[in-house]
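Heads up, the thing below is written out as structure tokens.
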Amino acid sequence: MHRIVVLGAGYTGMMATVSLAARTKRRDDVRITLVNAAERFTERLRLHQTASGQRTVDLRVPDVLEGTGVEFVCGWVTAVDAEARTVRVDDERVLEYDTLVYALGAVTDTAAVPGAEDHAHTLDSTHDAELLAARLTGGTVAVCGSGLTGVESATEIAERHPDLDVVLIGRDEPGAALGPKAKAHLDAAFERLGVRVRSGVEVVKVLPDSVEFADGTGEAADVVLWTSGVRAAPLAAAAGLEVDERGRVVTDSSLRSVTRPEVYAVGDAAAVRQPFGVLHGTCQSGMPTAVHAATSIVRELEGKRPRAFRFGYYSKAVSLGRHDGLIQYTRPDGTPRRFALTGKGAAWYKEVVNSGVLRVFGILKAVPSAGAVWPRGGRYTR
Ligand SMILES: Cc1cc2nc3c(=O)[nH]c(=O)nc-3n(C[C@H](O)[C@H](O)[C@H](O)COP(=O)(O)OP(=O)(O)OC[C@H]3O[C@@H](n4cnc5c(N)ncnc54)[C@H](O)[C@@H]3O)c2cc1C
């Protein structure tokens with residue numbers, strides 16, 4: 001019996017599990033176990049919607065796994081022993097594996113700035129997002145981090161709560177990596193929604209009622225949302241796996257840990273290098289890593305060598321509230337192409353993609369080979 005344990009039932013852990021189950025369903029010598037902190041699937045792509053007070057779909061991991069034969073373990077992974085090939089869950093249960101898929105994602109790096117851990121909200125779980133939603137009762141909301149999560153959060157909150165004063169704060173100009181058309185659309189959306197932008201500032205401290213900048217100035221805030229930077233769980237490093245400066249598992253070209261080839265790392269928890277650099281945490285790149293890992297594990301079970309993973313970005317899809325958005329088409333390395341879609345059409349496109357991601361789990365269960373088209377969604381860079 002070959003025991004495959006998948007850690008994390010986020011987008012990539014689910015994708016890897018469902019792909020593996022579909023591809024091994026005719027074999028009786030493979031057992032797959034999926035471990036996750038909660039039964040409910042966290043729709044991370046929509047946590048800014050949850051944070052603004054909207055309800056999202058209540059998808060249960062066991063329901064998705066129904067009929068696949070996968071064992072689901074609901075619990076918190078506390079340790080991986082890479083030598084003994086075991087995983088400890090909630091400090092009691094010990095799961096043995098022959099192949100491990102490490103898909104525990106990453107969380108916002110609140111340790112980077114004093115006070116952020118204590119006084120800022122994050123979008124790391126549904127619970128975190130609901131806590132923030134409950135605080136949106138009036139005054140100023142400071143969204144720290146001018147990346148796309150900050151942009152989506154600020155616009156979503158401003159649209160849903162027009163009475164709030166929303167300020168987006170960051171070192172870089174929001175949308176700096178967009179082309180001119182998309183950037184102009186973004187600036188107009190901020191204007192329309194009343195989102196104030198403070199760029200070119202570095203937050204050095206978060207206080208209960210304000211944020212402080214490196215230049216000595218600051219911004220009063222009733223609520224602070226921190227979206228800047230990510231770090232992966234310390235579990236991989238503690239297991240002796242080589243990790244990068246963010247704690248992500250460093251992989252070889254086939255997505256196996258460079259330290260332990262029986263450990264595959266995918267999604268936000270993996271530092272996957274491509275010719276243009278290390279992939280940053282997105283579903284767009286994470287889902288293909290999951291399908292690739294599943295395919296590679298099956299190849300290894302069949303005595304074949306895993307293939308190298310190749311990926312290139314194709315767009316940046318950004319929601320600007322529920323009725324507006326922008327899709328910036330990109331080159332494989334993520335730099336903008338000339339073409340961008342903006343407005344209602346872009347909002348619709350983004351919505352179709354977000355809900356489509358969940359439908360893919362069901363499609364893969366029925367048509368295992370469907371996963372093969374996923375990695376090719378990105379433009380290959382070879
Ligand atoms: C507001 C927001 C909007 C986003 N929008 C986009 C977008 O438009 N497009 C895009 O491509 N990307 C987007 N992203 C990024 C995207 O959500 C992530 O890249 C994606 O979720 C990564 O998937 P993952 O499976 O690696 O990790 P996750 O989805 O984070 O899943 C990790 C899973 O592991 C579980 N887990 C973690 N630690 C443990 C433990 N110790 N024990 C047990 N279980 C554990 C978690 O509970 C979770 O279920 C967005 C992110 C945010 C926050």
Side-chain angles (χ1 to χ4, degrees), residues 2-20 23 32 34-35 77 79-83 85 87 97-107 109 229-301 304-313 332-334 371-372 374-382:
H2 189 95
R3 297 154 304 178
I4 303 171
V5 174
V6 181
L7 302 185
Y11 292 95
T12 64
M14 286 294 286
M15 188 82 167
T17 303
V18 174
S19 299
L20 276 165
R23 285 165 180 270
I32 305 167
L34 173 62
V35 189
V77 178
V80 174
D81 186 334
E83 202 62 48
R85 298 189 184 181
V87 172
Y97 65 82
D98 299 297
T99 301
L100 186 73
V101 180
Y102 192 89
L104 291 177
V107 293
D109 190 5
V230 290
R231 64 183 146 91
L235 287 175
L241 304 181
E242 185 176 329
V243 297
D244 72 352
E245 69 289 351
R246 295 179 182 173
R248 299 178 299 180
V249 177
V250 177
T251 67
D252 66 11
S253 62
S254 308
L255 305 180
R256 298 173 300 187
S257 154
V258 292
T259 324
R260 309 285 317 198
E262 68 279 12
V263 178
Y264 280 81
V266 297
D268 285 7
V272 177
R273 184 164 285 284
Q274 291 293 292
F276 49 82
V278 176
L279 297 180
H280 43 259
T282 63
C283 261
Q284 188 181 147
S285 54
M287 298 287 264
T289 63
V291 175
H292 191 87
T295 311
S296 299
I297 291 167
V298 174
R299 283 181 67 84
E300 287 196 295
L301 288 171
K304 299 177 196 155
R305 285 159 63 90
R307 294 200 177 107
F309 175 74
R310 290 281 181 266
F311 174 80
Y313 298 101
D333 64 1
W374 198 286
R376 287 193 283 269
R379 281 162 209 263
Y380 274 41
T381 48
R382 68 183 156 197

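Just so you know, these numbers use all the heavy atoms, side chains as well, and skip hydrogens, waters and symmetry mates.
Note: H280 and Y313 have parallel aromatic rings, judged against thresholds of 30 and 60 degrees for the angle between ring planes.
To the nearest 0.5 Å, the span separating CD on Q274 from CZ on R310 amounts to 6.0 Å. Interatomic distance, CG of L279 versus OG1 of T251, reported as 8.5 Å (0.5 Å rounding). Distance check: Y264 OH to L7 CG gives 15.5 Å after rounding to the nearest 0.5 Å. To the nearest 0.5 Å, atom OG1 of residue T295 and atom CZ of residue R23 are 4.0 Å apart. A distance of 7.5 Å separates SG of C283 from CG of D268, quoted to the nearest 0.5 Å. If you take OG1 on T99 and CZ on R3, they are separated by 9.5 Å, rounding to the nearest 0.5 Å.
Taking both residues in full, the closest heavy atoms of Y97 and D81 are given as OH-O, 3.9 Å, listed atom of the first, atom of the second, then distance. Closest non-hydrogen pair, L301 versus H2, comes out as CD2-CG, 3.5 Å. Heavy atoms only, all atoms of each residue included: L255 and A293 are closest at CD1-N, 4.2 Å. Taking each heavy atom of G8 and L104 in turn, the nearest pair found is N-CD2, 3.7 Å. Contact detail for G247 and A236: the closest heavy-atom pair is O-CB, 4.5 Å. Here the shortest heavy-atom pairing between A271 and D244 reads CB-OD2, 3.6 Å.
Looking at P288 and F309, their side chains come closer than 4.5 Å, going by heavy atoms from C-beta outward. Counting heavy atoms from C-beta outward, E300 and R256 have side chains that approach closer than 4.5 Å. No side-chain heavy atom of V243 sits under 4.5 Å from any side-chain heavy atom of R248.
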message: side-chain contact (heavy atoms from CB on, under 4.5 Å), that's the test. Do R260 and Y102 meet it? Break it down for me.
response: CA-CA 12 Å; R260 309 285 317 198; Y102 192 89; over 6 Å; no
task: Give the C-alpha distance, both sets of side-chain angles, the deciding distance and a yes or no for side-chain contact (heavy atoms from CB on, under 4.5 Å) between R273 and V250.
output: CA-CA 8 Å; R273 184 164 285 284; V250 177; over 6 Å; no
- prompt: Checking side-chain contact (heavy atoms from CB on, under 4.5 Å) for the pair V291/M15: CA distance, chi angles, key distance, verdict?
  reply: CA-CA 7 Å; V291 175; M15 188 82 167; 3.4 Å; yes
task: Please lay out, stage by stage, how V80 and L241 fare under the test side-chain contact (heavy atoms from CB on, under 4.5 Å).
output: CA-CA 10 Å; V80 174; L241 304 181; 5.8 Å; no
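The list of side-chain hydrogen bond (donor to acceptor under 3.5 Å, both in side chains) pairs with a residue in residues 231-243, not counting sequence neighbours, reads D109-R231, T110-R231.
Of the listed residues (I297, L100, V101, V35), just one forms a side-chain contact (heavy atoms from CB on, under 4.5 Å) with V6, and that residue is V101.
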